[in-house]
Amino acid sequence: MTGEEAGEELKSFAAEVGDDGPVAVVGGRTQWEIGGRCPEETRLVRAPAGVRDFDPADMTIRVGAGTPVEELDAALAEAGQRANLPVLPGATVGGVLAVGRDDLHALGRGRLRDALLEVVYVGDTGRLVTAGGPTVKNVSGFDLCRLLVGSLGTLGLLGEVILRTWPRPAAQQWLAGSCDPVDLRRSLYWPSSILWDGEMTWVHLEGHDSDVESEAELARSLGCEPTDGPPPLPAYRVPTGALEAGQSTGSYLVQVGTGMAYVSEPRPNPDADPAVVTLHKRLKSEFDPRGRLNPGRDPLAAG
């Protein structure tokens, strides 16, 4: 697709969003009710899809926000690269960014928000806005891209993004055992993921063959053995603060070092700091004073 064609798609997307009435972007609906439901009268639109530009040497890729994450991952795999987005079947790039939930490997690969370099979004008046830039060091002052990640589309509707990419590792290995997750994190150089269910610990290693081999040997000395993969993830994702005494029921799996956990039964998130609530309200009033973008959604309730 040429730059001109992509630009026309974005203009059509902005025109469809328009300047009146409640409106939301619909993607794969894989995380559709996180943070609340949109009212039935909300008009639904779809963001442009497809890979716009990809030069492996630049380690960046430009895609429409409606692009399936699996399609993005397949395009990058051909060049031996990946993006730091969870590859959820059916999910779209814009949807994953709007929800803002990190990959299972966030401990080693970094946060989802670090992958977004530039975004073109539609604001509450139907106007296209560009934030960020096509290079890694692209921001001086406030980083609007990071603000949009996890905002559930309540501040702007994502149309097109430029993502940072990374090389795919030459080797990777899961190990598990009754080893102490704190000891593992202190001893290993750069594990991509450590999971703990209160008794068992799982750790994922990735990188060059020799590095993974030496790190796996160290993990074995601490009580872990090679395994096929992580355990099944419980259905709900919550901050680890929700596991405090009196709230902890059912099974859980802590994503060590990230402040998040997976739990088998829904439980309330800890109350947000009043200052954070006030800040969210101020941002909403600045970006969407009429409350027309993804109404009914609350990022603070998403966990």
Side-chain angles (χ1 to χ4, degrees), residues 1-32 38 42-56 58-79 81 83 85 87-100 112-113 115-135 138 144-165 287-288 292-295 297:
M1 177 179 291
T2 67
E4 183 177 350
E5 290 171 334
E8 289 302 316
E9 276 200 354
L10 284 170
K11 289 179 183 178
S12 296
F13 175 54
E16 191 176 5
V17 172
D19 185 33
D20 185 54
V23 60
V25 172
V26 61
R29 293 181 181 264
T30 58
Q31 303 178 89
W32 183 243
C38 290
T42 304
R43 185 164 48 88
L44 302 180
V45 299
R46 290 189 177 273
V51 176
R52 275 84 166 92
D53 183 45
F54 175 43
D55 182 350
D58 287 340
M59 303 292 285
T60 62
I61 187 168
R62 182 191 296 268
V63 299
T67 306
V69 180
E70 291 175 309
E71 181 181 323
L72 166 71
D73 189 59
L76 291 173
E78 292 182 3
Q81 297 182 15
L85 274 67
V87 184
L88 304 175
T92 62
V93 171
V96 166
L97 291 169
V99 171
L112 175 60
R113 61 175 180 262
L116 183 59
L117 298 177
E118 180 181 290
V119 59
V120 180
Y121 71 92
V122 182
D124 72 307
T125 62
R127 182 171 65 93
L128 287 170
V129 182
T130 300
T135 59
N138 62 8
L144 184 53
C145 287
R146 291 186 176 222
L147 179 65
L148 293 172
V149 173
S151 67
L152 294 179
T154 60
L155 304 180
L157 305 183
L158 307 186
E160 182 180 273
V161 300
I162 296 180
L163 300 169
R164 180 183 180 184
T165 67
F287 282 80
D288 183 24
R292 61 183 301 259
L293 303 180
N294 274 16
R297 302 274 170 74

Which atoms form the tightest heavy-atom contact between [X] and [Y], and what is the distance?
{"X": "Pro22", "Y": "Pro295", "result": "CB-CG, 3.7 Å"}
{"X": "Val23", "Y": "Val45", "result": "CG2-CG1, 4.0 Å"}
{"X": "Val161", "Y": "Leu97", "result": "CG1-CD1, 3.9 Å"}
{"X": "Val26", "Y": "Arg46", "result": "O-NH1, 3.5 Å"}
{"X": "Gly153", "Y": "Leu157", "result": "O-CD2, 3.5 Å"}
{"X": "Ala91", "Y": "Thr30", "result": "CB-OG1, 3.4 Å"}

When you measure from the side chain of [X] to the backbone N and O of [Y], does any donor-acceptor pair fall under 3.5 Å?
{"X": "Arg127", "Y": "Asp124", "value": "no"}
{"X": "Gln81", "Y": "Pro56", "value": "yes"}
{"X": "Asn294", "Y": "Leu152", "value": "yes"}
{"X": "Arg292", "Y": "Gly21", "value": "yes"}

Below 4.5 Å, heavy atoms only, C-beta onward: do [X] and [Y] meet side chain to side chain?
{"X": "Pro48", "Y": "Leu10", "answer": "yes"}
{"X": "Leu148", "Y": "Leu158", "answer": "yes"}
{"X": "Arg297", "Y": "Cys38", "answer": "yes"}
{"X": "Leu293", "Y": "Phe287", "answer": "no"}
{"X": "Leu144", "Y": "Tyr121", "answer": "yes"}
{"X": "Leu88", "Y": "Gln31", "answer": "yes"}
{"X": "Asp288", "Y": "Leu155", "answer": "no"}
{"X": "Arg62", "Y": "Glu118", "answer": "yes"}

Would one find more than 12 heavy atoms of other residues, nucleotides or ligands at under 6.0 Å from atom CG of Asp20?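 Not more than 12 within 6.0 Å, no.
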
Check the pair Ile61, Ile162 against side chain to side chain contact (heavy atoms under 4.5 Å, CB included), reporting the backbone distance first and the verdict last. CA-CA 5 Å; Ile61 187 168; Ile162 296 180; over 6 Å; no

Rounded distance (nearest 0.5 Å) linking atom [atom1] of [X] with atom [atom2] of [Y]:
{"X": "Thr165", "Y": "Phe54", "atom1": "OG1", "atom2": "CZ", "result": "5.5 Å"}
{"X": "Leu117", "Y": "Met59", "atom1": "CG", "atom2": "CE", "result": "11.0 Å"}
{"X": "Asp73", "Y": "Glu78", "atom1": "CG", "atom2": "CD", "result": "10.5 Å"}
{"X": "Glu70", "Y": "Thr92", "atom1": "CD", "atom2": "OG1", "result": "11.5 Å"}
{"X": "Leu128", "Y": "Lys11", "atom1": "CG", "atom2": "NZ", "result": "8.5 Å"}

Go through Leu112 and Leu85 one step at a time and tell me if the side chain to side chain contact (heavy atoms under 4.5 Å, CB included) criterion holds. CA-CA 6 Å; Leu112 175 60; Leu85 274 67; 3.7 Å; yes

Under the side chain to side chain contact (heavy atoms under 4.5 Å, CB included) criterion, do Leu163 and Leu116 qualify, and how do the steps go? CA-CA 5 Å; Leu163 300 169; Leu116 183 59; 4.1 Å; yes

Is Arg43 salt-bridged to Glu16, cutoff N-O under 4.0 Å?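 No, this pair does not count.
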
